[in-house]
Amino acid sequence: MSFLRRLTLWINDFFLCYIIVYGSFLFASAMIGALIFYLTERKKKYKNEIKRDYYIPVSIIVPAYNEEVTIVSTIDSLLNLDYKLYEIIVVDDGSKDKTLQTVIDHYHLKKIPKVVRKKIKTENVKAYYEGNLKVKLTVVAKNNGGKADALNAGINTSSFPYFLTIDADSILQKDSLTELVKPIMEDSTIIVAGGVIKLSNGLTFKDGEIIDYHLPKKYLEMIQTLEYDRTFLASRAVFDLFNGNLIVSGAFGLFKKQYAIEVGGYKTNTVGEDMEIILRLHDYAITTKIPYRIKYVPDAVCYTQAPSKLKDFKKQRKRWQNGLFQSLMSHKNMFFNPKYGLLGFVSFLYYWVYELLAPLTETVGLAFIFLSYFLELMNLKFMIIYLAIYLLFCTIFTIATFFNRTYTISNKITVKDFIRVVFYAMIENIGFRQLVNWYRLSSFFGTHKNKMNWAKITRTKMEE
Amino acid sequence: MVENIVFILGFFILFYVFLLIYDISSLYQRKKQSKIEKKRKEKLCKLIQEKEQNKEAKKSHKKLYNKLKHLSYLSSFCSLLEENITIEQKKLRDIVAQEVYTNLFVSLSNFYIKKDNLSSAYYAYVLRFIKIQSPEINDFLYKCLSSKSVYSVENALLAFYSFGEVDSIIDAYLFMSRKNVEYGHKLVADGLLNFNGSKEELCSKLYEKFDRFLESFQIGFLTYFRQCQYDLKKELYDRIEQNQMTKEITIEMIRYYSKVNYKKIAALLLERLENNYYKDFEYDVVMIQTLAAYPGKETIQVLKKCLSNTNYYVRYNAAKSLNGMTDLRKVIDLEDPFAKEMLASFIGEV
């Protein structure tokens, strides 16, 4: 048998095992995720919860760069939260548009000579602005230093023992912060709590509440909606069982400030600062032997905008892949290290194999299936059945996770949207998935000079 | 091997299809939920009405008991209690508070004491509306207090608070202290605000047995004393002076005086600030914050010195406290540039 034929057989076997392991993991995670949703709903229904008028005080940090279109909507949604003790800190990272002036004019802010202790080093802060609103709003105007640097400046400015990071194009529901904080009231070892990100594309908001729910019309936005729901059900719930989540989305994460400062804040030399700080917190807590939890809170929901243009989408996916690579490489000592327990063995293995290397594995795997046919190692009928089963598996999983999320957060969808979900779940795997894989693969070969910058994504206004 | 793998994938697909069908049917069920709930409430109202019309009837008692053993019916019953509907011209909460209902809730307590944490915690939640006390109900609530579930503890305590009996609160916390039950001081302090009885009497008895409680409970109680402004001026002053408590307790005791005014404490705190008595900035910060409630010449003098402290938080809080008691423009002419900068930020001028 020729070398090529042997190689093809070997890769086919490997790809089959890859699919079966991934399928098993998704099966387990879907079961566990669905069970957790069910149990959480049951707990709430039967008053197994801690309800208070006043929870822990929180500083909400909103890093912003060229966000003049969405920044006011975001701040308005934050001002309407059903939460008693919090402050809002907007960090303008040297925007080239009118982000800073928009906020100052809209909320009638005044420049103040604030003295802030720089617990974490940042680029120079030019000025502080504050206003008399129902919630304290502080704007930090600083020299450009990137998102991580902006977050660090926000941490320095914050007054409260916990801070929440959200993106400047995000909208929180009225109860989002309460839901995120509740687990901390019940378990004081929680040092980070991460919620669920859903896409705001297609939704209409008023005063921080969804008044109209429709799936987005555009193909790209629709596919991403399905993808987000799948991601959050697929892995976070399982990793949460053994405190093994390696990422809390930077768009919606609550941190105990003390520990964020002790690990040195966000690293500015990576584009995956949200994942990188989580890895560092795991490392710090395990090394110093402090009891800790990094918790996934499925009831806390944040809405963010997905890129609607292909060029923006491409930039985002390349940035995510780069961030993932940088984070995993900078903590490669944790991989398969017994000191880190299941985190080092299971979580890291998953992220290396099924996240970082997935585009390569899937591309090569599918290519070799077709090669098998041409090398007469696989007949046409079998190839079609094999691909069909694979596609059916991906499609049904996407539909099931989407409806599970929709059911648990009680969003109503029309029959027309139901049909669209089924259709897009099917066609996602023909073309779109391969395109994403290509973008992710190409991130390794792109220029490096833009790797640390903010991603410029075209924003659209969200509020009605 | 390939066939087996295809089989396994097929099984997963079947599971996801099942999950999908379950979600869709649940969505449909939710729409019917309000009708089902309404029917349950009507059945319960009918049973209570029958019991009211013939109070000795064992049959309606047994029917009620059998219904309320199910969480779904208990939930409907709880909704009726929360609405406090009227049956036979009486409010439901008054109806169930009658002696004839004691047996029913005692029986339910004996039932739920054997159930899982979620069910017990929910029944404890319902008991806050019932306000019937008996040894069996007490046993049930104590079982909840010793549970590992924070929700069981929370709901049991809320039931005790609603009864309005001081001694049962004290006994509950003593029991939890003996069992080393984990329950945060913030939960304690906030929870006590739900107490329906005499706050004065509660504070007095909590302080009487203060040293027998866990530290987290003590901190919670101190916060409660402060919020109620219960007079423990002399007692807490003596304890602070003797300085034999832990840091957290001492800090909370000092904080008490930010709301309850006592001139003697100002002199003690000023002396300790000046002499760097505690050698710990956290003590200094809380003393400075408390002194904001005691404006005066000596206070201003000591706080001015604190503006030059090496610790940022001490300087910040000193400026903040001074801001409430004097015109900072008069103070600002200091040699220390850090102190000047801190004051300028409070004056708010650029």
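Side chains are part of it too, since the values below use all heavy atoms of this structure and drop only hydrogens, waters and symmetry mates. Residue numbers begin at 1 in each chain, while the letters A, B, ... track the order of the sequences. The model shown is predicted, which means the values in this text are computed figures rather than measured ones.
Side chains of B/Leu71 and A/Arg42 form a contact here, defined as non-hydrogen atoms less than 4.5 Å apart. At a threshold of 4.5 Å between non-hydrogen side-chain atoms, the residues A/Tyr46 and B/Leu74 do not count as touching. In this structure, the side chains of A/Glu186 and B/Tyr151 come closer than 4.5 Å at one or more pairs of heavy atoms.
In this structure, chain A has no heavy atom under 4.5 Å from any part of B/Tyr123. Within the 4.5 angstrom heavy-atom criterion, atoms from both the backbone and the side chain of A/Arg117 approach chain B. Using a 4.5 Å cut-off between heavy atoms, A/Tyr55 touches chain B through its backbone atoms (N, CA, C, O) alone. Contacts of A/Leu39 with chain B are absent, with no heavy-atom separation under 4.5 Å from either backbone or side chain. Proximity to chain B (any heavy atom under 4.5 Å) is shown, for A/Tyr128, by neither the backbone nor the side chain. At a 4.5 Å heavy-atom cutoff, the contact between A/Lys43 and chain B is made by backbone and side-chain atoms alike. Looking at A/Thr395, there are no atoms closer than 4.5 Å to chain B (heavy atoms on both sides), in backbone or side chain.
Highest contact tally toward chain A, considering only B/Leu193, B/Leu118, B/Asn155, is held by B/Leu118 [criterion: heavy-atom pairs under 4.5 Å]. Ranked by heavy-atom pairs shorter than 4.5 Å toward chain B, the options A/Leu392, A/Ile396, A/Asp53 are led by A/Ile396. Per-residue counts of heavy-atom pairs under 4.5 Å with chain B were compared for A/Glu130, A/Glu49, A/Lys114; the largest is that of A/Glu49. Of the listed residues (B/Asn117, B/Val126, B/Asp190, B/Leu158), the one with the most heavy-atom contacts under 4.5 Å to chain A is B/Asp190.
Crowding of B/Tyr313 atom OH: a count of heavy atoms from other residues, nucleotides or ligands under 6.0 Å exceeding 12. Heavy-atom neighbours of B/Phe111 CZ from other residues, nucleotides or ligands within 6.0 Å: above the threshold of 12. The local environment of NZ in B/Lys38 is sparse, with at most 12 non-hydrogen atoms from other residues, nucleotides or ligands closer than 6.0 Å.
Applying the ring pair (Phe, Tyr, Trp, His ring centres under 6.0 Å) rule to B/Phe77 yields no partners; only residues at least two apart in sequence or on another chain are considered.
With respect to the salt-bridge test (charged N to carboxylate O, under 4.0 angstrom), the residues B/Glu154 and A/Arg52 qualify.
Proximity of a side-chain donor or acceptor of B/Tyr316 to a complementary backbone N or O of A/Val115 within less than 3.5 Å is not detected.
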